[in-house]
Undergrad: 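My questions all concern the structure below.
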Amino acid sequence: MATSARIIDALKRELKVRGITYKGLAERLNLSESAVKHMFSTGNFSLRRLDEMCAVLELDIADLVTISEAMEPRIEQLSAEQEQEIVSDIKLLLVAYCLINYWTFDEIVERYDISPEEGLRLLRRLDRMRIIELQPGDRVRLLIANNFSWRKNGAIEKFFRSRVQTEFFQHDFAGDASIRIVKNGMLSRKSQMQLIDKMKATGDHFDDLGWDDRRIPADNRHGTTMVLAIRHWFFEGFRNLERR
């Protein structure tokens, strides 16, 4: 859907949420009801008129764009084939990772050994995969949801287990921005489920913070990985001592 159409849909939604009819909007803008209906049916808004409507809604145009983007259905998970294609090319994986973390194209080619031409080829691949929408001026619009996740036991998860997980845990976690909490005990099923719910909420909070920080330049954001894990587990060294 074109950006203008998304913004009009967002306007309609915000008017409905506030209980403002076309007639009520027309009165506030000193226009006829038919003129307002015509603008919405044709999508023919001047910037001044759009500003006036936003003022009625107590929003600015940037807020409206954000709302319109949030209304559009987003991809929550890639197909197995898409994940395999991404993980088969380390530069494609790098660019996808950066874009998912709200880097701009200029920030990517400035930081990494990827020429603008090569970067554009990678963007076009991601565009064909419908992970992004490549827009004029090499701008990128993500087509994935805020709660996007990799496939269980998929190509990306396998890559993480084989290449990333061991490296991640080879650290003393002693820095100010690092922590490793290991607890071991005997819990009931009810207590386990309470912990799982809290861990899911923490994961959602991580995603929300990433979204809030997306407009901060990449140089002022830091690659951050958080691993939350809980499962039925008993040390095999102890299990081997159990009475058969």
Side-chain angles (χ1 to χ4, degrees), residues 69-105 107-109 111-114 118-135 139-171 173 177-182 192-193 195-216 218 221-233:
E69 290 179 347
M71 289 171 59
E72 188 174 15
R74 299 294 184 96
I75 299 170
E76 294 184 2
Q77 197 168 77
L78 302 181
S79 68
E81 293 76 17
Q82 286 175 317
E83 284 200 5
Q84 187 59 54
E85 180 175 353
I86 289 176
V87 83
S88 65
D89 184 332
I90 191 64
K91 287 188 176 180
L92 185 65
L93 176 61
L94 170 63
V95 171
Y97 169 82
C98 290
L99 293 176
I100 288 171
N101 285 280
Y102 312 110
W103 287 47
T104 66
F105 178 71
E107 287 172 331
I108 294 171
V109 296
R111 175 75 68 88
Y112 296 103
D113 185 20
I114 298 175
E118 185 179 18
L120 278 174
R121 287 196 296 272
L122 295 170
L123 290 184
R124 292 189 189 104
R125 287 177 65 183
L126 294 172
D127 180 85
R128 287 194 296 271
M129 297 166 70
R130 301 303 301 152
I131 296 171
I132 66 168
E133 179 184 284
L134 185 55
Q135 299 180 332
R139 292 184 298 111
V140 170
R141 189 169 71 89
L142 283 175
L143 300 180
I144 61 174
N146 288 345
N147 62 340
F148 171 81
S149 63
W150 301 114
R151 299 179 70 85
K152 295 293 184 183
N153 206 35
I156 299 294
E157 191 172 283
K158 289 178 181 177
F159 177 86
F160 175 84
R161 287 202 303 263
S162 64
R163 298 280 302 276
V164 180
Q165 189 167 261
T166 301
E167 178 182 329
F168 178 77
F169 284 109
Q170 287 179 344
H171 188 272
F173 293 89
S178 300
I179 187 172
R180 177 177 56 204
I181 298 175
V182 179
Q192 289 174 338
M193 298 311 298
L195 281 174
I196 288 172
D197 287 341
K198 288 184 179 296
M199 291 168 71
K200 287 180 178 178
T202 301
D204 291 340
H205 185 50
F206 185 101
D207 291 337
D208 291 341
L209 292 175
W211 173 257
D212 292 341
D213 289 349
R214 71 192 185 282
R215 301 194 189 283
I216 298 174
R221 291 182 287 143
H222 311 283
T224 305
T225 298
M226 180 179 70
V227 178
L228 302 173
I230 185 171
R231 68 181 181 94
H232 292 295
W233 181 80

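In this text, all values refer to a predicted model and were calculated from it rather than measured experimentally.
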Undergrad: Looking only at atom types and distance, does a side-chain atom of R151 sit under 3.5 Å from a main-chain N or O of Q77, one as donor and one as acceptor?
TA: no
Undergrad: With a 4.5 Å limit on heavy-atom distance, are the side chains of L143 and I131 in contact?
TA: no
Undergrad: Hey, can you tell me if F173 and H171 have their rings parallel, tilted or perpendicular (30° and 60° cut-offs)?
TA: perpendicular
Undergrad: Quick check: are there more than 12 heavy atoms from other residues, nucleotides or ligands sitting under 6.0 Å from CZ of R163?
TA: no
Undergrad: Hey, are the side chains of L78 and I86 touching, using non-hydrogen atoms and a 4.5 Å cut-off?
TA: yes
Undergrad: With a 6.0 Å cut-off (strictly less than), is the heavy-atom count around CG of D113, excluding the residue itself, greater than 12?
TA: no
Undergrad: Sequence neighbours excluded, which residues qualify as salt bridge (Lys or Arg N to Asp or Glu O under 4.0 Å) partners of R111?
TA: D219
Undergrad: Taking all atoms of both residues into account, what is the closest heavy-atom pair of A155 and V87, and its distance?
TA: CB-CG1, 3.8 Å
Undergrad: Calculate, to the nearest 0.5 Å, the distance between atoms CD1 and CD1 belonging to I100 and I144 respectively.
TA: 4.0 Å
Undergrad: Check side chain to side chain contact (heavy atoms under 4.5 Å, CB included) between D213 and all other residues, then give those that pass, not counting sequence neighbours.
TA: I216, R221
Undergrad: Report the distance from atom CD of E118 to atom CG of L123, rounding to the nearest 0.5 Å.
TA: 11.0 Å
Undergrad: Heavy-atom distance under 4.5 Å between the side chains of F105 and L99, does that happen here?
TA: no
Undergrad: Just wondering, are more than 12 heavy atoms of other shown residues or ligands nearer than 6.0 Å to CZ in R180?
TA: yes
Undergrad: If you take all heavy atoms of Y112 and C98, which pair is closest and at what distance?
TA: CE1-SG, 3.9 Å
Undergrad: Could you state the interatomic distance from CE (M226) to NE2 (H205), rounded to the nearest 0.5 Å?
TA: 9.0 Å
Undergrad: Looking at every heavy atom in both L142 and I132, which two are closest together, and how far apart are they?
TA: CD2-CG2, 4.0 Å
Undergrad: How far apart are the closest heavy atoms of G223 and Y97, and which atoms are they?
TA: CA-OH, 4.3 Å
Undergrad: Is the number of heavy atoms from other residues, nucleotides or ligands within 6.0 Å of NZ (K91) greater than 12?
TA: yes
Undergrad: Indicate yes or no: at least one non-hydrogen side-chain atom of R125 is less than 4.5 angstrom from one of V95.
TA: no
Undergrad: Can you tell me how far the CG atom of L209 sits from the CZ atom of R214, to the nearest 0.5 Å?
TA: 12.5 Å
Undergrad: Between Q82 and M129, is there a donor-acceptor pair closer than 3.5 Å when you use the side chain of the first and the backbone of the second?
TA: yes
Undergrad: Which atoms form the tightest heavy-atom contact between F206 and T224, and what is the distance?
TA: CZ-O, 3.6 Å
Undergrad: Which atoms form the tightest heavy-atom contact between N153 and K158, and what is the distance?
TA: O-CE, 3.2 Å
Undergrad: Quick one: OG1 on T166 to CZ on R161, what's the gap to the nearest 0.5 Å?
TA: 11.5 Å
Undergrad: Is the centre of the Y102 ring less than 6.0 Å from the centre of the W211 ring?
TA: yes
Undergrad: Quick check for you: to the nearest 0.5 Å, what is the distance between Q165 atom CD and T225 atom OG1?
TA: 11.5 Å
Undergrad: Counting distance only, does the side-chain N/O of E83 pair as donor-acceptor with the main-chain N or O of I156 below 3.5 Å?
TA: yes
